[in-house]
Structures are given as C-alpha cells and as structure tokens.
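FYI, side chains are in, hydrogens and waters are out, and symmetry mates aren't considered; it's all heavy atoms of this structure. All chains are named by letter (A, B, ...) in the order of the sequence lines, taking the proteins before the strands, and each is independently numbered beginning at 1.
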Number of protein chains: 2
Amino acid sequence: MSATREAVTNQDGAARRPGRRAANAEPYTLASLVEVAAHAFLERGYDATSMEDLSRAAGITKSSFYHHVSGKEALLRGALDRALDGLFGVLGEPDALEGPPVPRLRHIVRRQVEVLATELPYVTLLLRLRGNTETERWALGRRREFDQAVAALVREATEAGATHPGVDPVIAARLLSGTVNSLIEWYRPERVAVADLVDAVERQVFEGLLGGLRPSR
Amino acid sequence: MSATREAVTNQDGAARRPGRRAANAEPYTLASLVEVAAHAFLERGYDATSMEDLSRAAGITKSSFYHHVSGKEALLRGALDRALDGLFGVLGEPDALEGPPVPRLRHIVRRQVEVLATELPYVTLLLRLRGNTETERWALGRRREFDQAVAALVREATEAGATHPGVDPVIAARLLSGTVNSLIEWYRPERVAVADLVDAVERQVFEGLLGGLRPSR
DNA sequence: GTGTGCCGAACGATCGTTCGGTGGGTAGAG
DNA sequence: CTCTACCCACCGAACGATCGTTCGGCACAC
C-alpha cells in the first residue's frame, strides 16, 4: 500500500549523517519509522502487526528495516514516549498548576483532548497497553501517575464543594478520564474539528448531557 | 495458578453427555471454557494469550483442550456472543422502548452499566476488537448497531430540546458511549458495588461533574 | 469390547531477529 | 581529472522460538 513517508517532521535528536543517501530521498529517522509503526499498530493492534507489515509500510524490506531500528519494542517505546511527553506537558502548563481546582481541571481536560487528537495514534497505543512486557509496565506506571494527578484535582474540587453533593471523587475521576480517553475509539481528525471536540467534551464532562437549569427529566 | 473452574453457570446450549466423567468433577462445557478464556484474554489480550495458556488455566493439556473446543476463534466468538446478548437484551426491555427519549436513555445507560459490570470480561473483549478476522468484524458490526440505537435516542432527545442548547447529538452520543464503555478499563466488582456505580455513571453522564445549582435527585 | 477424556509429540506456519553479502556513492590520494 | 578503498543503505536467506492445530495412542468407566 501507500509508502506513508510524506512530510515527516524530522525531529530525530541527532540528525543522521547527511549527503550519504540519494539527494531526493529523506532518511529513515527513528521518529519517522515510529510514526509508520504507530499507524499500523493503531489499525491492527501491536501483537497482530508484524515487522514484515511495518517494513512494507515503510517501503523497504524487513532486514533493511532492522538497519534503522533496534527492534519492535523500540518502536513501541518511541511511540509511548511521544504520547507520555504530550500528556505530562499538559500537567506542567501554568494554567494547570495555579488557581482553584475547577479551572485547573477544565484547562487540563481541554488540553488533554487536544493532545489526544493531535497525537492520536501514539496515545491510542498507550491506552491499549496490557502490561505484558517491561516496557509496557513502565508506560502503564507513568500513565497511572498522570491519572492520579487528575484524580487529586477532582478530590480537591469535591472537598471545596464545587461538585454535585454525593459525588465520589474516585469514581468521578475514573469516569472523567474514561470519557476523555474514549475519544481514541472514534475520533478522526478529518471528521470533527479539534476546537469543536474540545468544547463538546468540556461541556459534557462538567455540565452533563442535559441542561443545568432546564428540567432534566 | 488457580484452576478457575468454580461455580460455572452451566448455560451451554445442548448439555454435554452427562455421567461419563468421574462423578466428582463437572464437565468442561463450552461456556465454562469460554469463561476461562475470557478472563485470560482480559488480562493479556487476545493475541498475546496462547492456547497453552488457556489449557493450563483450565487444568488440562493443550491437546485435551482441543477435545472440547474447536479452536481459539470459537472461544472468542462465544465470549462476544455473550457480551452482545447482554447488550441487545437491554435494548429490548420495555423501559428502553416506551416513553420519552430521556427516561429511555437513562434506563439504557443504567442497565448497560449493569451488563458491563456483570459480564465484564466478555464486554471488555468486545470493546477491544480491532477487526482483524471475519469473526471480529461481525461482532464490530453488531456493536455498531447497538451504538447507533443509542445515538438515535440521543438525537431524539436533542430534537425534543431536552439537552443543552448547542449539543451536537453525534458527538454527545459518542461521549456517552465512551464514558460508559470506559468502565471496563478500571471497574472491578470487588471494589465498588454495582448499584453505586450505576448511580454515579447516570449522574455524571446526564448532570455532569459540576451540575446545576440543585441537587441531582 | 467400546467409547470417551486425556495426553505427548509433532505438524506447518509465522513470528522477531540475525547475518553475510552487494552495489552504488563518497572521500582521499595520485 | 582518475583511481581506489571504503562506507553504508539495502537485500535475500535463514535462524530459533512460538504459534494454533492435528494425530495416534493410552487408561479407565461402562
């Protein structure tokens, strides 16, 4: 199928020796191959995707593929790194660190949705992990850190009396994460604009499906 | 490890020839082996779980396992059948068929949560499908039918003016399904009672995390 | 004897990975 | 400039391991 090498953001740490390859082609960086791999993993799942599939998607043979990548797990690791960097970057933003809990929560939810939408294949991979290998367990641990940071904010909000009376902050935080993370199951950038998605998620999470002042039943 | 054969609801269609096996042991029905398989799939994922794993969990060798089950895909099919039967059973209940859209939606959400909680491994399997085989694509098609039935109700509710003004019914339905389905990622029956879960999900879906001025119920 | 539950062994296929080699291009010496 | 030695992206073939599945036979209850 399609070579899938168009317009790769060449964000490889130390640029590969230039001038060696033919002038027209761009080199196979780790990041570009991680991108190819992540899209394949997204479609078929990690286990069901073979290195043969990946190398064919990259346009070279399996053995050539190994010239650029140390192995399958390195591709997974690279994709998970990218996803986790995006998520933890949100937690470090000023609006996520300062102010009352509810506005901070709103900011995190909105930005988290943006990260999910822009880094969709990578985050999808992160959210589908089962913890079968050491790499997967490491990523699951970091993901749990993120969830716990959000859960702490939800608890703050409930203790401040900002939520519905009777809301269990633990369950509420789980449902919050679940709602946001479930985007990966259906969201496709070409169908819905990111800005619309962000607004819709924020409203549904904080105000619910039904109106606040309107009679709900 | 534990044999995992305790108290299996023997709901195998045509009961296996009884009285042949030793008097103390109960036979390996398809349903009981599907249960074993579903729990293993839940932990490690379908592809990462080998028939060796399954047979060992059932307490017999791999070749003996094949004496009772036609193959791996049949176990998947059995589990998916059970999940889909539970979900479509909800759609057929009177409270899901009659009345204004919002109460019907509330009933479906509450009952859907109950089904997810009680049939957790089976529904989890259904929600993690990637569509790699014909069986998986069939199940994904049926699951899409369910989602579309719920989406149609959400659209009815918005057209009746019952929801927030400006709510996109398509996105709202996706988020609704996502919130409910995300239960499989964290819910464990021994930690939270089903009744509490049902109430929490209903409130969060319809009234949101913050909610209006008045108490929800 | 007969049938059934169970098992060890092995099947072909496919997996991720390795290895030796090749061909075209560059860099350096003349 | 030409010649040469080298480098490296790339490839075909094969590795051992593991997969799902099959087969022939053993033991025991009827």
Who passes ring-ring contact (aromatic ring centres under 6.0 Å, His included) against Y122(A), sequence neighbours left out?
none

For E93(B), all residues meeting salt bridge (charged side-chain N to carboxylate O under 4.0 Å, His left out), sequence neighbours excluded
R111(B)

Does any pair with a residue in residues 44-55 of chain B pass salt bridge (Lys or Arg N to Asp or Glu O under 4.0 Å), and if so which ones, sequence neighbours excluded?
R44(B)-D53(B), E52(B)-R56(B), D53(B)-R56(B)

Does S64(A) have a side-chain nitrogen or oxygen under 4.0 Å from the phosphate oxygens OP1 or OP2 of dC11(D)?
yes

State whether H67(B) places a side-chain N or O below 4.0 Å from either non-bridging phosphate oxygen (OP1 or OP2) of dG5(C).
yes

List for me each residue that meets ring-ring contact (aromatic ring centres under 6.0 Å, His included) alongside F65(B), sequence neighbours excluded, and say none if there are none.
none

Separation of dC10(D) atom C1' from Y28(A) atom OH, nearest Å, is 10 Å

Return a single string for nucleotides 15-21 of chain D, one symbol per nucleotide in 5' to 3' order, where B is base contact, S is sugar-phosphate-only contact and - is none, cutoff 4.0 angstrom on heavy atoms.
----SBB

Go through the structure and list residues passing salt bridge (charged side-chain N to carboxylate O under 4.0 Å, His left out) with R137(B), not counting sequence neighbours.
E134(B)

